[in-house]
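Scroll down for the structure; my scribbles are underneath it.
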2 protein chains.
Amino acid sequence: MSQHRHPGAPGRAGAVPALPDLPEATVARLPEYLRALHNLAESGHETVSSEGLASAAGVNSAKLRKDLSHLGSYGTRGVGYDVALLVDQIEYVLGLTQRRAVALVGVGNLGHALAGYDGFAGRGFRIAALLDADPSRVGEEINGLVVRHVDELPRVAAEEAIAIGVIATPARAAQAVADQLVAVGVTSILNFAPCVLSVPEGVDVRKVDLAIELQILSFHEHRKASLTALPATGGSALTALPGGLAVTDTQEAIGT
Amino acid sequence: MSQHRHPGAPGRAGAVPALPDLPEATVARLPEYLRALHNLAESGHETVSSEGLASAAGVNSAKLRKDLSHLGSYGTRGVGYDVALLVDQIEYVLGLTQRRAVALVGVGNLGHALAGYDGFAGRGFRIAALLDADPSRVGEEINGLVVRHVDELPRVAAEEAIAIGVIATPARAAQAVADQLVAVGVTSILNFAPCVLSVPEGVDVRKVDLAIELQILSFHEHRKASLTALPATGGSALTALPGGLAVTDTQEAIGT
DNA sequence: CGCGATTTGTGCACGTCTTCACAAGCGCCT
DNA sequence: AGGCGCTTGTGAAGACGTGCACAAATCGCG
Ligand SMILES: NC(=O)c1ccc[n+]([C@@H]2O[C@H](COP(=O)([O-])OP(=O)(O)OC[C@H]3O[C@@H](n4cnc5c(N)ncnc54)[C@H](O)[C@@H]3O)[C@@H](O)[C@H]2O)c1
Ligand SMILES: NC(=O)c1ccc[n+]([C@@H]2O[C@H](COP(=O)([O-])OP(=O)(O)OC[C@H]3O[C@@H](n4cnc5c(N)ncnc54)[C@H](O)[C@@H]3O)[C@@H](O)[C@H]2O)c1
């Protein structure tokens, strides 16, 4: 996609790449910018202003500029950011210059959907192994990959350089699987099971719990309902509040 | 599950329930506490200390106490929290006293997994409708629900009181689906498509983007690698840094 | 070559979130 | 009844994140 040859290391040669340690909030937004930039590149944009990129990513433009400034000065005042260059920079910082190998453990309901998803390739990842404990699932082929028994994890890890483990087993099995992943040297885990994992220091865990997302939405739904139920909030008679409900965290307004 | 009769409204009768407006960070953690509490209740605990609940939920105990204090004073000093009472309180605040109806739009790869998942029922939700635009999918039955055409959304919304819409369509269709959901009165949306949705004020959107989660993990993986590559950080010779890698955000240590 | 239009990068103030530390409260035991 | 140990609830301080507003930089044009 990107037609630029990026420097490999950010700026100067000689010294170590030395990742700037970014604020965690910034790290969480960089992937959004990256996705927006890929879209922009695809639609032929060579450069983009902070305003344009910000609205494409659904954030405030000042925040975006501050985020990008942490990577270095890759914009041009009066012009904007070079899309291809920025793509390369963000991919470099996120460690996406190499396609990272992902091992998926638990090929059930959800695991099948993940294994069959072809969208990860374009975002820097390659599902390198499918593992399950159920003998009747072992041997099944999904998307060109054969499901192997979870006990083969050490062998699999030796074959492929597994960078990230994804857990899609029932909650009761998740801790054991996490332990197995850690044992073979995996230091990044994405957990879909609704439970807390305990891992040694140096191992990162991120979790995705859909029920939690729904419950957060439910809270706001509940609050919105209780607000509309009592229109008078406090003592003021009917001052200038059109009928607006507060938004919380949400992305708004796009429009290229 | 809960054997307590909870008050309905938090404390006093007469006045409106009047949800305390909780910090957003607290709202995001309440579901975690709720899940941990359900586990504790199931294993026979009648009460739990902030320390115990905190470690079960993977957070700091001071943070947990402050979070709970926002709901009111439901603990007993010297003793801890009554598990059943706290479950009821949190469920009330999150608006889970009624089972909320969810409409799932896009019954493809991922949508099938969601539709077939039986874990939502225990967390306060009921998948009430499956919708898709593909005529060849319409009519298919999943888990006792028949897939209907997305154009029937207005009728579906009239039949069921849809509280939350879930979008599991390709990104290119997501905005149109969101618009349709908003048009039939849905004010909470969970979006799995990797794109920014534009919605009117008063509508909450939460997104789940798996590739973003992986990319965040990739960043930390990259950083860990670049750190181990250069053991000397700065000028100090070899001061007392065992060999530890920094953890970021992650949950650690459990153990009941 | 200089000027105005434009847009980045950032200092600063503000708000939110986290964590510590401890007084106040509760139950139990003597 | 009184004292003791335990645990909650919270004030205060610090860390972190956000957004405004503007100086500095760059481009294009006359
Ligand atoms: N399906 C969904 O839409 C959905 C939604 C939210 C959360 N989740 C969570 O995702 C996880 C997976 O859900 P699912 O619906 O795919 O469940 P599932 O039961 O369909 O699949 C689980 C798979 O894990 C395998 N497994 C069990 N123990 C294992 C072990 N020790 N090692 C390796 N594999 C093992 C099982 O053989 C099975 O194939 C669950 O924790 C669930 O709560 C799923
Ligand atoms: N499958 C995964 O594991 C996975 C992982 C990450 C992200 N996602 C995202 O989730 C979304 C769904 O993924 P998928 O793999 O299920 O895709 P899919 O192509 O298998 O399914 C999409 C479904 O949406 C339906 N659809 C298309 N346009 C529609 C419209 N206007 N109204 C209603 N339905 C419509 C299609 O008919 C199809 O059934 C995508 O945006 C994808 O990027 C999926």
Side-chain angles (χ1 to χ4, degrees), chain A residues 10-11 20-30 32-33 37 40 45-83 85-86 89-90 216 246-253 256, chain B residues 10-11 20-30 32-33 37 40 45-83 85-86 89-90 216 246-253 256:
Chain A
D21 60 348
L22 308 173
E24 193 56 32
T26 296
V27 174
R29 281 187 296 265
L30 287 180
E32 302 265 18
Y33 304 155
L37 284 166
L40 287 167
H45 293 70
E46 300 253 325
T47 64
V48 65
S49 69
S50 65
E51 198 67 51
L53 181 52
S55 77
V59 303
N60 179 307
S61 71
K63 184 151 54 181
L64 178 130
R65 286 199 299 276
K66 186 150 293 184
D67 283 341
L68 294 187
S69 76
H70 288 122
L71 311 186
S73 260
Y74 294 110
T76 309
R77 294 170 191 233
V79 177
Y81 298 91
D82 180 305
V83 172
L85 175 63
L86 207 47
Q89 282 304 325
I90 294 179
I216 294 171
V247 222
T248 29
D249 172 40
T250 316
Q251 354 123 318
E252 300 275 310
T256 306
Chain B
D21 59 349
L22 307 173
E24 193 56 32
T26 296
V27 174
R29 280 187 297 265
L30 287 180
E32 303 264 19
Y33 303 155
L37 284 165
L40 287 167
H45 293 70
E46 301 253 324
T47 64
V48 64
S49 69
S50 65
E51 197 68 49
L53 181 52
S55 76
V59 303
N60 179 306
S61 72
K63 184 151 54 180
L64 178 130
R65 286 199 298 277
K66 185 147 290 183
D67 283 341
L68 294 187
S69 76
H70 288 121
L71 311 186
S73 259
Y74 294 110
T76 309
R77 293 168 193 235
V79 177
Y81 299 91
D82 181 305
V83 172
L85 175 62
L86 207 46
Q89 282 305 324
I90 295 178
I216 294 171
V247 222
T248 30
D249 172 39
T250 316
Q251 356 124 316
E252 299 275 311
T256 305

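Letters A, B, ... are given to chains in the order of the sequence lines, protein chains preceding strands, and every chain is numbered from 1.
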Rounded to the nearest angstrom, tell me the gap between atom [atom1] in [X] and atom [atom2] in [N].
{"X": "N60(B)", "N": "dA21(C)", "atom1": "CG", "atom2": "P", "value": "12 Å"}
{"X": "L22(B)", "N": "dT16(C)", "atom1": "CG", "atom2": "P", "value": "14 Å"}
{"X": "L53(A)", "N": "dT8(C)", "atom1": "CG", "atom2": "C1'", "value": "13 Å"}
{"X": "Q89(A)", "N": "dT8(C)", "atom1": "CD", "atom2": "P", "value": "17 Å"}
{"X": "E24(A)", "N": "dT18(C)", "atom1": "CD", "atom2": "P", "value": "13 Å"}

query: Does any non-hydrogen side-chain atom of L86(B) lie less than 4.5 Å from one of L53(B)?
result: yes

message: Looking only at side-chain N and O atoms, does T26(A) offer a donor or acceptor that is under 3.5 Å from a partner on D67(A)?
response: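 Indeed, the side chains of D67(A) and T26(A) share at least one donor-acceptor pair under 3.5 Å.
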
query: Would E51(B) and L64(B) satisfy side chain to side chain contact (heavy atoms under 4.5 Å, CB included), going step by step from the backbone distance to the final call?
result: CA-CA 8 Å; E51(B) 197 68 49; L64(B) 178 130; over 6 Å; no

message: Using a 4.0 Å cut-off to any heavy atom of chain A, which nucleotides of DNA chain D are the first and last in contact, reading 5' to 3'?
response: dG17(D) to dC27(D)

field: side chain to side chain contact (heavy atoms under 4.5 Å, CB included) evaluation trace for V83(A) with E46(A)
entry: CA-CA 6 Å; V83(A) 172; E46(A) 300 253 325; 5.9 Å; no

- request: Using a heavy-atom cut-off of under 4.0 Å over every strand shown, decide if S73(B) touches base, sugar-phosphate, or nothing.
  value: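 Contact class for S73(B): sugar-phosphate only.
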
query: Of the residues in residues 61-70 of chain B, which ones touch DNA chain C at a heavy-atom distance under 4.0 Å?
result: A62(B), K63(B), R65(B), K66(B)

message: If you assign each of E51(B) and A25(A) to its closest nucleotide in DNA chain D, which residue comes earlier from the 5' end?
response: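 Final value for this comparison: E51(B).
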
- request: Quick one: pull up NE2 in H70(A) and CG in D21(A) and give me the separation to the nearest 0.5 Å.
  value: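 H70(A) atom NE2 to D21(A) atom CG measures 9.5 Å (nearest 0.5 Å).
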
field: Test side chain to side chain contact (heavy atoms under 4.5 Å, CB included) applied to L68(A) and Y81(A), step by step
entry: CA-CA 10 Å; L68(A) 294 187; Y81(A) 298 91; 3.7 Å; yes

- request: Without swapping roles, check the side chain of S49(B) against the backbone of G52(B) for a donor-acceptor pair under 3.5 Å.
  value: yes

Contact under 4.0 Å: T76(B) side-chain N or O vs dC26(C) OP1/OP2: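 So the side chain of T76(B) is outside the cut-off, no N or O lying under 4.0 Å from OP1 or OP2 of dC26(C).
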
task: Any salt bridge (charged side-chain N to carboxylate O under 4.0 Å, His left out) involving residues 70-79 of chain B? Give me the pairs, sequence neighbours left out, ordered by first then second residue.
output: none

message: Assess the residue pair I90(A) and L71(A) against the criterion (side chain to side chain contact (heavy atoms under 4.5 Å, CB included)); give the C-alpha distance rounded to whole Å, side-chain angles, the decisive distance to 0.1 Å, and a yes or no.
response: CA-CA 8 Å; I90(A) 294 179; L71(A) 311 186; 3.9 Å; yes

